[in-house]
**Student:** 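My questions will all concern the structure given below.
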Amino acid sequence: MTCGTILTETHGRVRLVTLNRPKALNAINRQLTRELVAAAIEADADPTVGCIVVTGSPKAFAAGADIKEMAAATATEMYINDHFAAWEQFTAVRTPIIAAVAGYALGGGCELAMMCDFILAADTAKFGQPEIKLGVNPGIGGSQRLTRFIGKSKAMEMCLTGRTMDAAEAERCGLVSHVVPADRLLVEAINRRYETTLSEGVRFERRVFYATFATHDQKEGMTAFLEKRLPTFTHG
Ligand code: HXC
């Protein structure tokens, strides 16, 4: 499905969301924010979706927040509009989200990748928080999350110099889980749906656990423990 700034497809239990502003290297404007967050919420509510993969183009996952859109805003407008707050709904999504990153993931693009549950990178990926070069600082959690991913020293260096990090370095320092050849990125991201069996499995396990409380054996087993005797199970 095409929806302005994103494309959505379904592959089995995987919902693939592709950022689609190629002329602006997928710069994140208000419309893209709204549409991506809505797509994630919609996928999260769909029980047939086990995993969401967010990706961009071969050249850019996303080159940051849309500089053109924000350049002229005043501090008061930025504060009142508070449109970065919408990302809190994205991070609240419970369905696992994988960022499949090729090319530039800069500024808000790097932050978006880090808001996902994990990052799978093509060997062409480049990560960075170059906001300092624009006279601003990261705005959707970059300074906070990068520090947690790669440690204070490297995160400080990245934010204070604005330099980019290639895929190999990103894997070495724990920012990404795996690096794969660029032409394998989506195949790998989609095949990683088995990761979702973890959350599905945890939910299933919890339901089964609750259901055991309808059985004789649960009552017998727990009572026997409390009475310090061996249980007599009837498998009922
Ligand atoms: C708006 C952008 C953009 C951005 C690129 N473009 N990045 N438009 N916002 N963040 C546009 C360019 O203006 C240009 O449009 C087209 O995309 C192609 O970009 P080029 O610069 O011509 O491509 P190239 O020479 O290959 O360089 C690629 C690049 C460079 C190194 C990624 O575009 C770049 O440095 N972009 C800005 C990266 C950045 O500073 N990001 C942080 C943004 S601030 P035209 O119309 O000229 O063809 C941020 C704050 C986070 O993210 C706050 C929370 C969201």
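Quantities reported herein were computed from a predicted structural model and do not represent experimental measurements. Ligands are counted one by one from 1 in listed order, and the atoms in each one are counted from 1 as well.
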**Student:** Determine if the distance from atom 39 (C) of ligand 1 to the closest protein heavy atom is below 4.0 Å.
**Tutor:** yes

**Student:** How far is atom 35 (O) of ligand 1 from the closest protein heavy atom, and which atom is that?
**Tutor:** Leu106 CD1, 4.7 Å

**Student:** Mark whether atom 25 (O) of ligand 1 lies under 4.0 angstrom from at least one protein heavy atom.
**Tutor:** no

**Student:** Under the 4.0 Å line, does any protein heavy atom show up next to atom 12 (C) of ligand 1?
**Tutor:** no

**Student:** With side chains defined as the heavy atoms from C-beta onward, is the minimum distance between Met165 and Cys173 less than 4.5 Å?
**Tutor:** yes

**Student:** Please confirm whether Lys133 approaches ligand 1 to less than 4.0 Å, judged on its heavy atoms.
**Tutor:** no

**Student:** Tell me the protein heavy atom at minimum distance from atom 19 (O) of ligand 1, and give that distance in Å.
**Tutor:** Leu25 CD1, 3.6 Å

**Student:** Distance-only, no hydrogens or angles: does the Asp217 side chain make a donor-acceptor pair with backbone N or O of Phe233 under 3.5 Å?
**Tutor:** no

**Student:** Nearest protein heavy atom to atom 52 (O) of ligand 1: under 4.0 Å?
**Tutor:** yes

**Student:** Identify the heavy atoms of Cys116 and Ile97 that sit nearest to each other, and give their distance.
**Tutor:** CB-O, 3.4 Å

**Student:** Is the closest N or O pair between Pro138 and ligand 1 shorter than 3.5 Å?
**Tutor:** no

**Student:** Answer whether the closest heavy-atom distance between the side chains of Asn26 and Phe61 falls below 4.5 Å.
**Tutor:** no

**Student:** Just need the protein heavy atom nearest to atom 8 (N) of ligand 1, so name the residue and atom and give the distance.
**Tutor:** Ala27 CB, 4.1 Å

**Student:** Check for me whether the distance between the ring centres of Trp87 and Phe84 falls short of 6.0 Å.
**Tutor:** no

**Student:** Record the part of Lys23 in heavy-atom contact with ligand 1 below 4.0 Å; permitted values are side chain, backbone, both and neither.
**Tutor:** backbone

**Student:** Only heavy atoms of Glu111, strictly under 4.0 Å: list the atoms of ligand 1 that pass.
**Tutor:** 51 (C), 53 (C), 54 (C)

**Student:** What is the closest protein heavy atom to atom 41 (N) of ligand 1, and at what distance does it sit?
**Tutor:** Ala63 O, 2.9 Å

**Student:** Relative to atom 9 (N) of ligand 1, which among Asn26, Ile28, Ile67 owns the nearest non-hydrogen atom?
**Tutor:** Ile67

**Student:** My question is simple, although I want it checked carefully: is atom 17 (O) of ligand 1 less than 4.0 angstrom from any protein heavy atom?
**Tutor:** yes

**Student:** So which bit of Glu69 gets within less than 4.0 Å of ligand 1, heavy atoms only: side chain, backbone, both or neither?
**Tutor:** neither

**Student:** Under a 4.0 Å heavy-atom limit, does Ala65 contact ligand 1 with its side chain, its backbone, both, or neither?
**Tutor:** both

**Student:** From atom 44 (S) of ligand 1, work out which of Leu134, Leu112, Thr164 has a heavy atom at the shortest distance.
**Tutor:** Leu134

**Student:** Looking only at protein heavy atoms, which one is nearest to atom 47 (O) of ligand 1, and how far off is it?
**Tutor:** Lys68 NZ, 4.5 Å

**Student:** Quick check: do Thr10 and Thr48 have side-chain heavy atoms less than 4.5 Å from each other?
**Tutor:** no

**Student:** Does atom CD of Glu88 have more than 12 heavy-atom neighbours, drawn from other residues, nucleotides or ligands, at distances under 6.0 Å?
**Tutor:** no

**Student:** Atom 6 (N) of ligand 1: which protein heavy atom is closest, and how many Å away?
**Tutor:** Ala24 O, 3.8 Å

**Student:** Considering the heavy atoms of Lys59, write down every atom of ligand 1 situated less than 4.0 Å from one of them.
**Tutor:** 23 (O), 24 (P), 26 (O)

**Student:** Under 4.0 Å from atom 22 (O) of ligand 1, is there any protein heavy atom?
**Tutor:** no

**Student:** Can you tell whether the side chains of Lys154 and Glu169 come within less than 4.0 Å, N to carboxylate O?
**Tutor:** yes

